[in-house]
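Okay, so here's the structure we're looking at.
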Amino acid sequence: RKAMKFTFSWLFDNLETYASLEQIVDMLAMVELEVESLVNPAESIAFFLVAEIVTAEQHPNADRLSVCTVNAGGETLSIVCGAPNARSGLKTVLAPVGAYVPGADITIKAGKIRGETSQGMLCSSAELGISEEADGIIELAADAQTGANFADYAEQIRLSQIDPVIEIAITPNRGDCLGVRGVARDLAAAGMGSLKPLDFSPAVGEGASPVS
């Protein structure tokens, strides 16, 4: 048997649906497209939250640190942060006490940093393990809901860095599903949404064609 890999967002380029990842995976099995593997980066950040920095003040005992008052959705926390972009009004990602941070390989504990209380960690993409961006903490859209689960928010906005990858087995009679368009067509036929139309508009060339 052959296999076909595609990302969740790639599927949504072809399928108009509100189905969840779990519903898609279940339906793939029902239409005899056996799921061989599912890699979902969101699982490693399941406990992270969308948070808003209310205030960011210079740490009294460290030049490169800030002491931030953070709204975590009904709970106000004090967090020491070393990111240069930490500022009042910024929506970002919070690793609360007890959360494991995969990119840093640490579990967050409450404590004091240079004498100031810190009750969590504001994270960069590298610390979440979703990219190599480590210059500052993640900057989210202003309309991100404070206190929301970050993995749910990332799925809602189709954040590419935590895009699930699905691998399905392809039997010899299903060559049509060696392309994501064929997979989307099967799901649409099974009632999981509607197939998006393809764009058949001609490509506009620039300059003379080298082909006679």
Side-chain angles (χ1 to χ4, degrees), residues 5-10 20-22 25 35-88 90-141 144-167:
K5 280 186 178 182
F6 56 93
T7 64
F8 202 40
S9 63
W10 191 11
S20 67
L21 177 63
E22 291 74 19
V25 168
V35 176
E36 297 218 315
S37 69
L38 171 63
V39 178
N40 187 3
E43 292 176 352
S44 66
I45 54 173
F47 300 105
F48 291 68
L49 303 173
V50 176
E52 180 179 4
I53 299 176
V54 180
T55 63
E57 306 292 341
Q58 175 67 49
H59 193 297
N61 302 314
D63 293 340
R64 296 185 179 181
L65 298 178
S66 300
V67 180
C68 300
T69 303
V70 177
N71 178 4
E75 183 180 11
T76 301
L77 304 173
S78 176
I79 297 177
V80 175
C81 180
N85 61 331
R87 62 188 184 273
S88 174
L90 177 66
K91 298 283 184 73
T92 188
V93 179
L94 166 69
V97 172
Y100 174 73
V101 182
D105 191 24
I106 59 173
T107 298
I108 300 301
K109 298 179 181 178
K112 288 183 179 290
I113 298 177
R114 297 287 186 90
E116 294 294 321
T117 299
S118 193
Q119 301 167 295
M121 179 179 181
L122 303 178
C123 299
S124 68
S125 293
E127 287 160 341
L128 292 187
I130 61 176
S131 83
E132 296 181 357
E133 181 60 49
D135 291 340
I137 55 177
I138 295 174
E139 299 196 16
L140 302 178
Q145 183 181 352
T146 302
N149 180 278
F150 174 65
D152 292 342
Y153 170 77
E155 180 180 343
Q156 177 187 344
I157 65 171
R158 309 290 184 215
L159 186 67
S160 61
Q161 291 98 325
I162 66 163
D163 204 359
V165 178
I166 302 168
E167 181 178 11

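To the nearest 0.5 Å, the span separating OG1 on Thr92 from CZ on Phe150 amounts to 8.5 Å. For the atom pair OG (Ser66) and NE2 (His59), the distance works out to 9.5 Å, reported to the nearest 0.5 Å.
Looking at Glu116 and Pro60, their side chains come closer than 4.5 Å, going by heavy atoms from C-beta outward. Between Val93 and Leu128 the shortest side-chain heavy-atom distance falls below 4.5 Å. Side-chain atoms of Met121 and Ile106, non-hydrogen and from C-beta on, do get closer than 4.5 Å to each other.
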(request) Check the pair Ile79, Leu94 against side chain to side chain contact (heavy atoms under 4.5 Å, CB included), reporting the backbone distance first and the verdict last. (result) CA-CA 10 Å; Ile79 297 177; Leu94 166 69; 3.3 Å; yes
(request) For the pair Ser9 and Asp163, evaluate side chain to side chain donor-acceptor pair (under 3.5 Å) and give the outcome as yes or no after the intermediate values. (result) CA-CA 7 Å; Ser9 63; Asp163 204 359; 2.3 Å; yes
(request) Step by step, work out the side chain to side chain contact (heavy atoms under 4.5 Å, CB included) result for Ile166 and Leu21. (result) CA-CA 10 Å; Ile166 302 168; Leu21 177 63; 3.9 Å; yes
(request) Output, in order, the C-alpha distance, side-chain angles, deciding distance and verdict of side chain to side chain contact (heavy atoms under 4.5 Å, CB included) for Val50 and Gln145. (result) CA-CA 7 Å; Val50 176; Gln145 183 181 352; 6.0 Å; no
(message) Run the side chain to side chain contact (heavy atoms under 4.5 Å, CB included) test on Tyr100 and Ile108 for me, step by step, so that the C-alpha distance in whole Å, both residues' side-chain angles and the decisive distance to 0.1 Å come before the verdict.
(response) CA-CA 6 Å; Tyr100 174 73; Ile108 300 301; over 6 Å; no
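For the residue pair Gly136 and Asn85, the shortest heavy atom distance occurs at CA-OD1, 3.3 Å. Among all heavy-atom pairs drawn from Phe48 and Pro96, the shortest one is CA-CD, 4.3 Å. Considering all non-hydrogen atoms of both residues, Val97 and Gly120 come closest at CG2-N, 4.3 Å. Residue Asn71 comes nearest to Gly74 through the heavy atom pair OD1-N, 3.5 Å, listed as atom of the first residue, atom of the second, then distance. The shortest non-hydrogen separation linking Ile138 to Ser124 is CG1-C, 3.7 Å.
Distance alone, capped at 3.5 Å, is enough to place a donor-acceptor pair between the Ser88 side chain and the Val54 backbone. Counting only distance, with no hydrogens or angles, the side chain of Gln119 and the backbone of Ser78 share a donor-acceptor pair below 3.5 Å. With Glu75 contributing its side chain and Ala72 its backbone, the two residues share no donor-acceptor pair below 3.5 Å.
Side-chain contact annotation: Ser125 with Glu133, donor-acceptor N/O pair under 3.5 Å absent.
When the side chain to side chain donor-acceptor pair (under 3.5 Å) test is applied to Asp63, no partner is found at least two apart in sequence or on another chain. Legend: residues meeting side-chain contact (heavy atoms from CB on, under 4.5 Å) with Ala86, ordered by chain and number and at least two apart, are Ile53, Cys68, Cys81, Ile137. Remark: Arg87 engages Glu139 in a salt bridge (charged side-chain N to carboxylate O under 4.0 Å, His left out) (not counting sequence neighbours).
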